[in-house]
Amino acid sequence: MADKLKNNRVSAVIGTDGREARPKHWIAVYTKPRREKKTAQDFIKKGIEVYIPLQVQIRQWSDRKKKVEVPVISMLVFAKVDDHQISTISQNTHVIRIISRSGEKQPAYIPENQIDRLKFVLGQSDVPVIFDSHPFQIDDSVEIIRGYFKGLRGEIHECPDGSTEFIVRINFLGGAKLKINKSDLIHI
């Protein structure tokens, strides 16, 4: 039976070819400048789940204003892949490299809950979200207790000007920041 499974590329899970049973992880992929959407389209055609953090901005030209979706993190696409799809990603002509931990060749996996929190923040925010790739000092872990983001947990940073920023950290990359009132937070 094992030979039959091996030769026919049929897995022990009935009705599958083995791909469905492989665990998938989120990874971050650096792309060539302004190629985030094109790269994502290529990945989707290959059956790879992708996420590009986008937000709407109003751009002004001399004769008009227009709402456009722009990446919050330029030159970056998140992809949910199994180990076999990683080679497909690295062969894409728009990809510069896959993010890995310092000194390692293996892609750095990003926890699903961090991607979910980033999606939530970008989907609900009515203020611009800024992504900071530089290390920052985290003062406290907090939870938002009112407003659109009620229940969201993250970290808080006191700015030199006295304002408060709520940060949703993304491993190995930095964090998405937005201004928030201290009165909307509790320490956890």
Side-chain angles (χ1 to χ4, degrees), residues 24 26-81 88-89 92-99 108 110-136 138 142-185:
K24 292 189 174 193
W26 285 102
I27 62 171
V29 180
Y30 272 127
T31 68
K32 292 180 180 176
R34 299 179 175 250
R35 293 290 189 271
E36 301 92 349
K37 291 178 183 178
K38 178 62 177 147
T39 305
Q41 289 172 350
D42 291 350
F43 291 170
I44 291 167
K45 287 178 186 174
K46 303 238 182 227
I48 296 171
E49 183 179 348
V50 297
Y51 174 61
I52 306 173
L54 299 171
Q55 65 184 354
V56 176
Q57 291 183 350
I58 297 175
R59 296 284 171 99
Q60 184 169 344
W61 289 268
S62 61
D63 61 336
R64 61 194 159 108
K65 289 182 181 180
K66 185 177 179 181
K67 288 183 181 181
V68 294
E69 283 188 327
V70 296
V72 173
I73 312 168
S74 62
M75 298 173 53
L76 193 101
V77 174
F78 294 102
K80 191 171 186 180
V81 297
T88 301
I89 284 177
N92 185 288
T93 58
H94 304 294
V95 170
I96 294 173
R97 67 182 173 93
I98 298 171
I99 305 290
I110 299 167
E112 181 119 20
N113 67 341
Q114 291 181 2
I115 299 292
D116 291 342
R117 285 188 296 174
L118 182 60
K119 287 178 180 180
F120 181 76
V121 166
L122 289 171
Q124 298 297 320
S125 182
D126 55 355
V127 296
V129 175
I130 300 163
F131 193 82
D132 187 353
S133 61
H134 303 313
F136 42 80
I138 300 303
V142 295
E143 181 175 339
I144 299 176
I145 57 171
R146 66 181 137 261
Y148 287 120
F149 301 114
K150 183 178 179 181
L152 186 64
R153 292 180 176 203
E155 298 157 341
I156 191 148
H157 178 68
E158 292 287 331
C159 300
D161 67 359
S163 64
T164 305
E165 292 177 324
F166 180 80
I167 301 166
V168 175
R169 184 180 293 277
I170 305 296
N171 285 0
F172 316 109
L173 297 173
K177 303 186 309 186
L178 60 107
K179 302 273 184 189
I180 194 160
N181 277 328
K182 288 182 188 178
S183 62
D184 293 338
L185 305 169

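Because the structure is a prediction, the values reported are computed rather than measured.
Looking at every heavy atom in both residues, Ile89 comes nearest to Ala79 through CD1-CB, 3.7 Å. Of all the heavy atoms in Ile52 and Pro71, the pair that sits closest is CG2-CB, 4.5 Å. Nearest heavy atoms, Ile145 versus Leu185: CG1-N, 4.1 Å.
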Check the pair Arg169, Glu155 against side chain to side chain contact (heavy atoms under 4.5 Å, CB included), reporting the backbone distance first and the verdict last.
CA-CA 8 Å; Arg169 184 180 293 277; Glu155 298 157 341; 3.2 Å; yes

Take His94 and Val77 through the test side chain to side chain contact (heavy atoms under 4.5 Å, CB included) and record every step on the way to the result.
CA-CA 11 Å; His94 304 294; Val77 174; over 6 Å; no

Ile44 and Val50: CA distance, side-chain angles, deciding distance, side chain to side chain contact (heavy atoms under 4.5 Å, CB included) verdict
CA-CA 7 Å; Ile44 291 167; Val50 297; 3.7 Å; yes

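The side-chain contact (heavy atoms from CB on, under 4.5 Å) test with Leu76 singles out one residue from Leu173, Val29, Ile170, and that residue is Leu173.
Side-chain atoms of Glu158 and Lys182, non-hydrogen and from C-beta on, do get closer than 4.5 Å to each other. Inter-residue side-chain proximity for Phe78 and Pro53 is flagged as met; some heavy-atom pair is nearer than 4.5 Å. By the 4.5 Å heavy-atom criterion applied to side chains, Thr31 and Lys38 are not counted as neighbours. The side-chain heavy atoms of Glu69 and Lys37, taken from C-beta on, include a pair separated by under 4.5 Å. Val95 is listed as a side-chain neighbour of Thr39, based on a closest heavy-atom distance under 4.5 Å. The shortest distance between side-chain heavy atoms of Ser183 and Arg146 falls below 4.5 Å. Inter-residue side-chain proximity for Asp184 and Phe166 is flagged as unmet; no heavy-atom pair is nearer than 4.5 Å.
Distance check, rounded to the nearest 0.5 Å: CZ of Phe131 to CD1 of Ile167 gives 10.5 Å. Separating the CD1 atom in Ile99 from the CD1 atom in Ile27 is a distance of 9.5 Å, to the nearest 0.5 Å. Between Glu165 atom CD and Ile156 atom CD1 the span is 9.5 Å, to the nearest 0.5 Å. Taken to the nearest 0.5 Å, the CE atom of Met75 stands 11.5 Å off from the CZ atom of Arg34. Here Trp26 contributes atom CH2 and Ile110 contributes atom CD1; the two are 9.0 Å apart, rounded to the nearest 0.5 Å. For the atom pair Asn92 CG and Ile98 CD1, the distance stands at 10.0 Å (nearest 0.5 Å).
A donor-acceptor contact under 3.5 angstrom links the side chains of Ser163 and Lys179, judged on distance only.
Checking side-chain atoms of Lys32 against main-chain N and O of Thr93 turns up a donor-acceptor pair under 3.5 Å. Between the side chain of Gln55 and the backbone N or O of Val129, at least one donor-acceptor pair lies under 3.5 Å.
The side-chain hydrogen bond (donor to acceptor under 3.5 Å, both in side chains) pairs that include a residue from residues 111-125 are Lys80-Glu112, Gln114-Asn171, where partners are two or more places apart or lie in different chains.
In Tyr30, the OH atom is not crowded: 12 or fewer heavy atoms of neighbouring residues, nucleotides or ligands sit closer than 6.0 Å.
Partners of Arg97 according to the salt bridge (charged side-chain N to carboxylate O under 4.0 Å, His left out) rule, which considers only residues two or more places apart in sequence or in another chain, do not exist here.
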